[in-house]
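What follows is one structure encoded as structure tokens, with my remarks underneath.
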Number of protein chains: 2
Amino acid sequence: MQIDHNILIAYGGVSKRVSKGSFIFMEGDTPRFFFQLVEGEVKMFSTNIEGKEFIQGVFTGGNSFGEPPLLASKCYPSTAQASADSVIVKISKDKFINILQDYPSTALSLLQTFARRLYNKATSTKILIGRTPEEKILGFFNKVRSADCNEKILMPYTRQEIADYTNLRVETVIRALLKMHEEGKVFIKDHKVYC
Amino acid sequence: MQIDHNILIAYGGVSKRVSKGSFIFMEGDTPRFFFQLVEGEVKMFSTNIEGKEFIQGVFTGGNSFGEPPLLASKCYPSTAQASADSVIVKISKDKFINILQDYPSTALSLLQTFARRLYNKATSTKILIGRTPEEKILGFFNKVRSADCNEKILMPYTRQEIADYTNLRVETVIRALLKMHEEGKVFIKDHKVYC
DNA sequence: CGGTTACTTGACTAGCTTCAAGCCTTGTGG
DNA sequence: CCACAAGGCTTGAAGCTAGTCAAGTAACCG
């Protein structure tokens with residue numbers, strides 16, 4: 001949970017119900033509001049020239065999203081889309097800044113969030129610079145498993161999603177997973193991947 | 001400039017002179033200090049299995065670096081190396097947190113910095129997901145030029161550096177630049193690239 | 001059970017990487 | 001002022017492999 005819901009409402013925030021598939025903002029838009037999820041899920045992705053999506057992040061629970069371009073006064077580099085029916089609180093930039101100034105603890109907690117996200121971005125980047133598909137996929141899996149636990153866990157992602165995160169094609173992911181299964185690097189049963 | 005130098009010293013920060021090539025911290029290390037450059041330049045990069053470097057960022061002037069893993073209590077995902085003789089102030093994590101609490105304006109300014117960096121990471125990621133070398137190189141150049149100015153400027157990077165930023169090989173960069181020159185997308189004179 | 005979504009496989013191709021060799025530019029020391 | 005060293009740049013040839021297209025098959029859901 002980022003900013004206390006009551007504070008948001010007190011400063012003039014309004015809740016809004018959005019259905020799955022709705023766009024909150026589009027790549028290139030100018031940010032004007034601070035957004036915070038009350039419930040549901042929002043997916044942020046960038047699109048390259050050919051229309052291939054790359055998932056920049058997925059937000060759930062009470063998390064806020066899209067604040068960096070808002071604070072940095074830049075256009076949105078990604079599109080935000082509700083990936084499930086959701087409820088979102090939105091509040092204008094000015095009022096958001098007021099909250100940050102009036103409640104220093106809020107600023108510190110946002111700082112924590114940004115620190116975590118910057119760390120995640122740095123590690124995601126490492127996934128993308130991998131040379132082979134195998135390297136990228138293992139990098140992604142390690143990230144998902146929080147990097148430490150040793151036992152093999154079920155990867156709750158479709159091949160298409162793995163492809164979106166690693167910037168590979170579905171077919172390449174499938175072939176790489178098969179090879180990794182044969183080499184004992186992952187385990188596949190009933191189309192489910194364990195790593 | 002991130003945190004006022006006097007405040008850092010008042011809270012117990014110490015300056016240190018480091019010569020070009022010295023490592024400030026290595027990938028995998030546990031963060032214990034907040035670092036801020038007084039003068040010089042520091043390069044942060046990640047290394048993949050084969051030892052190929054990817055430049056995560058370059059810091060100059062009075063900027064701080066390496067704070068995200070420090071605040072998020074994670075290991076450093078990258079290595080920091082002085083790319084020029086430099087002077088660096090360092091201060092323990094506890095004292096850094098004290099400063100953030102005692103000076104809310106410092107927290108807000110760090111928030112701004114993080115917001116800008118997150119924005120940059122999102123756009124750098126877009127460079128990496130480009131399909132062709134040309135797309136990646138142009139993405140990098142657009143980023144360097146701050147995305148707006150229209151006139152062609154000299155790109156102050158070696159082909160190897162462009163390769164490091166775009167995750168391509170030197171030869172690929174050279175061949176792509178040549179093709180882009182022939183197609184009028186960049187201009188090359190005396191081995192210098194204008195875009 | 002029918003429709004939709006996810007997954008799989010094969011053949012082909014474009015183009016990036018690799019390796020090897022040589023050239024150009026710059027700076028340094030005699 | 002020249003010679004040489006070193007680092008950056010360039011080129012060519014060959015191989016590999018991820019991407020693409022097309023055609024299925026398997027799982028899931030109402």
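The model shown is predicted, which means the values in this text are computed figures rather than measured ones. Here is the naming used below: chain letters follow the sequence lines, and residue numbers restart at 1 for every chain. Excluded from the calculations below are hydrogen atoms, water molecules and symmetry mates; all remaining heavy atoms, backbone and side chain alike, are included.
- Judged by distance alone with a 3.5 Å cut-off, a donor-acceptor contact links the side chain of Arg175(B) to the base of dT18(C).
- The separation between Ile137(A) atom CD1 and dT17(D) atom P is 15 Å, rounded to whole Å.
- One atom, CD of Gln160(B), and another, P of dG8(D), lie 8 Å apart when rounded to the nearest Å.
- Taking atom NZ of residue Lys136(B) and atom P of nucleotide dG15(C), one finds them 14 Å apart after rounding to whole Å.
- Here dC9(D) is the nucleotide among dC19(C), dC9(D), dT20(D) with the atom lying nearest to any side-chain atom of Ile174(B).
- Remark: the Tyr11(B) side chain and the Asp102(B) side chain contain an N/O donor-acceptor pair separated by less than 3.5 Å.
- Cluster note: Tyr194(B) groups with Leu154(B), Phe187(B) through ILVMFWY side-chain heavy atoms spaced under 4.5 Å, whether in direct contact or through intervening members.
- Lys74(A) NZ: 12 or fewer foreign heavy atoms inside a 6.0 Å radius.
- For Arg131(B) and dG19(D), the CZ to P distance is 10 Å, given to the nearest whole Å.
- Distance from the side chain of Leu178(B) is smallest for dT11(D) among the nucleotides dT20(D), dT11(D), dC16(C).
- Side-chain proximity of Glu171(B) to dT10(D), dC19(C), dC16(C): nearest is dC19(C).
- In this structure, the CD1 atom of Ile188(A) is 14 Å from the C1' atom of dA6(C), given to the nearest Å.
- The 5' end of DNA chain D is approached more closely, in terms of each residue's nearest nucleotide, by Leu168(A) than by the other of Leu168(A) and Asp190(A).
- Remark: P of dT10(D) and NZ of Lys192(B) are 11 Å apart, rounded to the nearest angstrom.
- Between Glu183(A) and Lys185(A) there is a salt bridge, with a side-chain nitrogen of the basic residue lying less than 4.0 Å from a carboxylate oxygen of the acidic one.
- Minimum heavy-atom separation, Ile88(A) to Val42(A): CD1-CG2, 4.3 Å.
- Here dT11(D) presents its C1' atom at 15 Å from CG of Leu177(B), a figure rounded to the nearest Å.
- Nucleic acid contact for Thr158(A): sugar-phosphate only, since backbone atoms but no base atoms lie under 4.0 Å from a heavy atom of the residue.
- Separating the CG atom of Asp164(B) from the C1' atom of dG8(D) is a distance of 13 Å, rounded to the nearest angstrom.
- Between Arg159(B) and the phosphate of dT10(D), there is a side-chain N or O to OP1/OP2 separation shorter than 4.0 Å.
- Phosphate proximity of dA18(D) to Arg169(A): absent, as no side-chain N or O sits under 4.0 Å from OP1 or OP2.
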